[in-house]
Every structure is written in structure tokens, then in C-alpha cells.
Novice: 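Handing you a structure now.
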Amino acid sequence: MLRILYQTLRTGTVTEKMLPEADKEIEIVGNALKEEVHKRFHHSLTIREIDAGSCNGCELEIHAMNNPYYDCERFGVHFTASPRFADVLFVTGPVSRNMEIALKRTVDAAPDPKIVVAVGDCAACGGAFGTSYASLGAVENVVPVDVKVPGCPPSPAALIRALLEAVGRS
Amino acid sequence: MVAPHFKQVLVEKVLVEQVLAEQFGDLLRTSDASRDGVLILSLPADEIHEAARILKKSGGRLSAEWATDDTPFGRELALWTAFAVPNVPDSGPDAGPDTKIDRFILIRSDVPLSNPAFPTLTGHFAAAYRFERIILSFFGIDSIGHPDRRPWIRHEDWPDGFFPLRKDAPIDAPFVRSNGSYEWIRGEGEGVYEIPVGPVHAGIIEPGHFRFQAVGETILNLEERLGYVHKGIEKRFESLPWTEGARLAGRISGDSTVAHALAWCRAVEDMAGLLVPPRGVWLRALFLERERIANHLGDIGAIANDAAFAFLLAQLSRLREDVLRLNKRLFGHRLLMDMIVPGGAAADLDAKGIEAIRTEMDRLSAEFERLVVIYDENPSLQDRVATTGVVTKKTAADLGLVGFAARASGISSDRRVRFPFPPYDELKVSEAIRHSGDVNDRVWVRIEEVRESIRLIREILARLPGGSALPSDGLSIRPQPGRTGLGIVEGWRGEIVTWVQAGPSGKVSRVMVRDPSQVNWLGLERAVLGNIVPDFPLCNKSFNQSYSGHDM
Ligand code: SF4
């Protein structure tokens, strides 16, 4: 237990501190985001992530939004297990044929109004996989999309920026 | 003591080939494309299961099994099998580490279009179970005697008679869903109930379906059903020029982008006879080890988190983020995508960069060691991870598991050691092996591998050759028609096997990729038996398999 305490004290708060270039931006964008979330979503914005066929690269960066550097919960943003609670849907990947139905059902299960964000080049335009018997390409080929975030994969900072854009539009 | 080992190698080397030659006589042919460490044979399809028996007896493992449609060459279909065979059978303490090197034996068998079938290998190798379901699903080639003829990766609503990897199936073939249904394995009896989970899971993870039969909290059976993220990658390779394949290979499984791009490039270089300049070879290893560290850090944290110990997740994901940020700063991409290209590496490193990585390794090593002590000394965490999700050595060997999952069950499997691709032939990796096969040992193998990767990175930086990371006179990939190439890489999950084949005009004809998850998913089904349902996430995370790499 003492070791844990020491480690915690030794680490201190890393959020927004260590590498200034990226973090200053996170702070500015994050605070703007926090304001929007407070105003429009009663202090709490909930995201449901749906992998519709991704290579998992986008998931890694979405995960990183929760690491201590970005810690997106401090802006009132958190991820939910159920689409029923979701304000925002993060959809990744080209939509695979085998996920088409599950994607539609999950999007349908989220209450209106909902914001669908196509995360990554694949979701935004089909990316490296294109369209084929197995891949339907961009997410908008299957469900309506509100915001597209380019990048392969988009960085956590880009994702937080995109969230600001998404809630600003709602 | 050295001399007898030496002899044993020679005897054994003669043995496998001799036994095969004696058994099959004229039926067995050796390809002139065989080379050091890779023997390419051909044998009638009817004999392949007998060859499999012989290879198994000499300690071989079925590493991959796939089909090709050779109609562009004026032939018909073909079955390929790849066996990893130890030069010396694992014979207890006497087998010295230097002799623990594998060879690959590839066997090609013609399969007629009029009767597309061959006798199953499932009687000898459990891994064939899913390989052959994939061959049936994508080529319509039947494996006679296979206990399970359900489709795999192909879902039940795909159009009948549509076999995407056949040459007469266009990549954008119209897709009309049919009304198929999938026969699940059922459990019956008093108190037995079923829990279906997925494809969309509760977290930020890839999709797949799991079906548990349980009594009370205890898992009686787990049936996986995957294929949800099948994107037609193997077919897509066939429509791309050789120069663009590395980019796609780097997106087979985003967490293994370096490893997959490397396996693909090594296969293409093998096929086309390309040489990589020494600096390119060593930089590739640097990227591969950085990828290993980043994934191990993130996963050890995530495993602890699944046992409700969020502290380690926070700490380790911080360390992971540091590695990714330095990647971005030095090489331009956090996950190192597109750094590995045919002929070498697309990014280089100057003296300042080398210094930055050295400093990073010092800091990482110190911080990591403190966290390891915390992991090891936390009783409530140990209570969850020790003796949970056990895969015994026998089960691991029977299933042919690869990577850290095999090593946690006492099986030597590190391709950096057992089939050392350059520069690992000079780096001398020390292989991490543990023996209890539980969640804890899967974590410990990864802890030891982080340490070893830190050591390797320091050594790579110290020995980094000068010159260019890419061939100075440019690159052209012009393989002979029909030429094949094999790339074997130990990614952070384990052995990746990539095989490429040039068509009659020298363009891509077939690319086969065997991600470690294609065999290791079988291990998870076994690991959870007898465990309680709430420990499933923990077991699952301790393997952290790729769905995308499996589904392709
Ligand atoms: S955008 Fe890139 S990282 Fe994201 S799913 Fe597509 S290939 Fe993977």
C-alpha cells in the first residue's frame, strides 16, 4: 500500500503537464469542450464506441483519450457500455458486411437526438480497405454521419477536438 | 557434451526428410525454391495426412494451412501446409539452447476443381480445425473427415456457392444475403444456462460473439464465433501492386502494424530476392521492439484493471503514452504505421534521436520496475490472476499455441530465437518461459519481455549500422512468375506467417496471412473452462487476441 502511495505522489499529476506542445492544445480545446458539455448536456456527455470493422488502431487511440495525459472524463466525457445511454456514437472502421446489421441495430438503439462520429480514415472514406464483397466502405454508406474525423488513426487530441465540433453542432 | 548434440542435429535433419522420402518415394518432389531453413515439397493431397503424422512425430507443429486457386497458371486448386519442425526434438535438459531452432517445411498438393477435397488433418493437429473451416468457406474445398463443417469467418447469410478467394469470384461480387442459420453447440441438463455476448461488447473493443454454457457461476463451455470484422484483406491484396501491399499489411491488426508490415515485406523480399541494407534491418527491429513494449505496457495495465486494480492501468497507460509520443516525435507516427516498406525502413534516426531513446529507456526501465513490484506484491490482485485461466503445457502443445500464450505454458515458441530473422540472428534474444499457464504467467512472460525489449533496444542503438535504411539504387519488385515467398516474424502476440505468390505475369496472385490469433483463440476457449463467468474478461484480456487479425 505504501508503495502505491509513493508511486502516486512521485508521479504527481501528469495531466496537461509533460509535453507542452500537445498539452496546451488539449487544455484549450478541452476547456471549450467542457463548457459545451456543461451547457448542452448537463455536465455529462456519454459516448458509445462501435467497431464496425476497424483494424483496432482507432480503438487504441480512443482508449488513449482516457489515459492520465488526456483524461477526457475531466471534461465531462465518458464512455458507456450501453447505446441506450449514448449521446454520441463513435464508429470506427470500414463497415464490414458482417457488422452491417449489428451497426444499424446499435445506432437504432441509441436515443435521438444522437451524434454519429465517423472516427478514422476508414470510417470517414473507406480508407485502406475500400469497398468489396466484404467491406461496405465509409460509415455514411450505412448510417447517417454527423462528423468525420480523418487520420489513420486520429490522435487522441484530434478526437477531443472532433468532439468539440460534434457537440457544437448539436 | 557439445559433440553429441551436434551429431543429434545431423541425424535428425536426415531423419524427417528421409522418413518422408522413404514413405512416399516418387510421389514426393522437392522444389528448387527450397532454401536454408525452408524446405518446399509437393505431395498428392491424399497423402498429406500421412505426412502430417510423420511430421508430428518428429515434433512438428502445423503452423498454417491454406489454399490457392492456380487456374491462372493453367493448373487447378492447391492445398498448402506449413510445418515448423525442430532441428532437435525437445528432449529434456539435454537439448542445448543452440539447437532449438526450427525449420519450416511447406508442402503443396494439387486439388482438382471437379472434386475439391482432401483428407482432414484435424486428427493430427487441432489448429487444422479452423484452418480447414476457412478453406471450406473461402475456396469451397472440403476436408474429408473434419468433425465440423460449419462456415468460419464466412457468416451463414453469405450467398450460396460464393467462394471469395476463387479466381472467378470478383472482389466486388454482388452480395445478396441468404437465409442460412448457424448451429450453436448446446448444453443441456438441470441448471445449465446460456449467456450470449456480442458482437458489440461493453467496452472499447473489437466485435465478436461468445456463447457460454454455465452452471451457477462456473463455465462449462465457451463457443467463440468470429468473423465480424472480416474486410476481405487477402482478396484485396490481390488487386494491389506489390509496392502498396505493405500499407495494407500494416492495417491487418493496428496494434501489430510493425509486425505485420515486416512479415509482409520479408515474404516479398524472399520471393523477389531483394536485399535490405543493414541499417534498414536494424531499424526494423527497433520498431518491432518498440511496438512490443507499447502493447505489453498497455495490456498489463488493462489486465490489472480487469481485476479492479485501476492504479496500474493509469500508471502503465501513462508509460505507454510516453512511448507513443516519442514515436510521433522521432518517426512521425504514434503507432509506427508505414515505417516498414519493401527493401528497408521508411524512417531513420539521428544522433539526437538515439540519445532521446536512450534517455527514454532509462526512465522507462526505472518506472516499470517499481510497478512490477507493486503488481507482484498486491495480494488482492494476485488472488485474481494466479491459477485463473490455466492452459496446461499439454493443451498448449496440442492446440499448437504460439507467442506469449505458449511461453506462459512452458513452450518455447519465440521466433526471434527459434527461427531468428535478421538482425535477431546477431542479437541473441533470451526467451521468457513460465510454466503455470495462468493469467499471472501470461503477465509475467510479458513483464520479462518488456525488460528484454529494453535491453534489445539499447543494444540495437549501440550497434546500429551506418548507411541508408533503404536500398540506394531504388527498388523494383519483379518476381519470376509463380515464385513464392515466406515471411516469419515474432510480433508482440507471437508468430506471424505471411506467404506470397506471384502470378503468371509477376503480379500478386495470392497472399496468405496467419495472425497469431488464428490459433490462439482456441486457447482461450480452453483456458476459461471451469472458471467463473466473472473471470472471463480477465482471461480474455490476458490473451488479448486480435479480432481483425483473425478475421482478415
Ligand atoms: S483509420 Fe487506420 S487505424 Fe483506423 S481502422 Fe482504419 S486502418 Fe485502422
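In what follows, chains are A, B, ... by sequence order, proteins preceding strands, each numbered from 1.
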Novice: Which value, rounded to the nearest 0.5 Å, describes the distance between B:Ile204 atom CD1 and A:Ile47 atom CD1?
Specialist: 8.0 Å
Novice: Quick one: which residues of residues 139-153 of chain A reach chain B at under 4.5 angstrom, heavy atoms only?
Specialist: A:Cys152, A:Pro153
Novice: Name the member of B:Gln315, B:Lys328, B:Arg320 that forms the most heavy-atom pairs with chain A at distances under 4.5 Å.
Specialist: B:Gln315
Novice: So what's closer than 4.5 Å to chain A heavy atoms on B:Leu371: side chain, backbone, both or neither?
Specialist: side chain
Novice: Contact part of A:Phe79 toward chain B, heavy-atom cut-off under 4.5 Å: side chain, backbone, both or neither?
Specialist: side chain
Novice: Can you sort out the partners of A:Thr46 under side chain to side chain contact (heavy atoms under 4.5 Å, CB included), two or more places apart, ordered by chain and number?
Specialist: A:Ser44, A:His78, A:Thr80, A:Phe85, A:Asp87
Novice: Does some side-chain heavy atom of B:His155 sit less than 4.5 Å from a side-chain heavy atom of A:Ser96?
Specialist: no
Novice: Could you give the distance from CD1 (B:Ile252) to CG (A:Asn56), rounded to the nearest 0.5 Å?
Specialist: 13.5 Å
Novice: I need the B:Lys231 NZ to A:Met99 CE distance, nearest 0.5 Å.
Specialist: 11.0 Å
Novice: Would you mind telling me which of B:Arg247, B:Glu321, B:Arg251 has the largest number of heavy-atom pairs within less than 4.5 Å of chain A?
Specialist: B:Glu321
Novice: Pick one of side chain, backbone, both or neither for A:Ser132, based on which atoms fall under 4.5 Å of a heavy atom in chain B.
Specialist: both
Novice: So which part of A:Arg105 gets closer than 4.5 Å to some heavy atom of chain B, the side chain, the backbone, both or neither?
Specialist: neither
Novice: Taking the ring of B:His230 and the ring of A:Phe129, is the distance between their centroids below 6.0 Å?
Specialist: no
Novice: CZ/B:Arg334 to CG/A:Leu60 distance, rounded to the nearest 0.5 angstrom?
Specialist: 9.5 Å
Novice: Would you be so kind as to tabulate the donor-acceptor pairs closer than 3.5 Å made by side chains of residues 167-176 of chain B, with sequence neighbours excluded?
Specialist:
from	atom 1	to	atom 2	distance (Å)
B:Lys167	NZ	B:Glu238	OE1	3.2
B:Lys167	NZ	B:Ser509	O	2.5

Novice: How many angstroms lie between atom CD of B:Glu377 and atom CZ of A:Arg3, to the nearest 0.5 angstrom?
Specialist: 4.0 Å
Novice: Which value, rounded to the nearest 0.5 Å, describes the distance between B:His209 atom NE2 and A:Asn98 atom CG?
Specialist: 13.5 Å
Novice: Can you name the residues that form a salt bridge (Lys or Arg N to Asp or Glu O under 4.0 Å) with A:Lys104, not counting sequence neighbours?
Specialist: A:Glu100
Novice: Other residues, nucleotides and ligands only: do more than 12 of their heavy atoms fall within 6.0 Å of CZ on A:Arg84?
Specialist: no
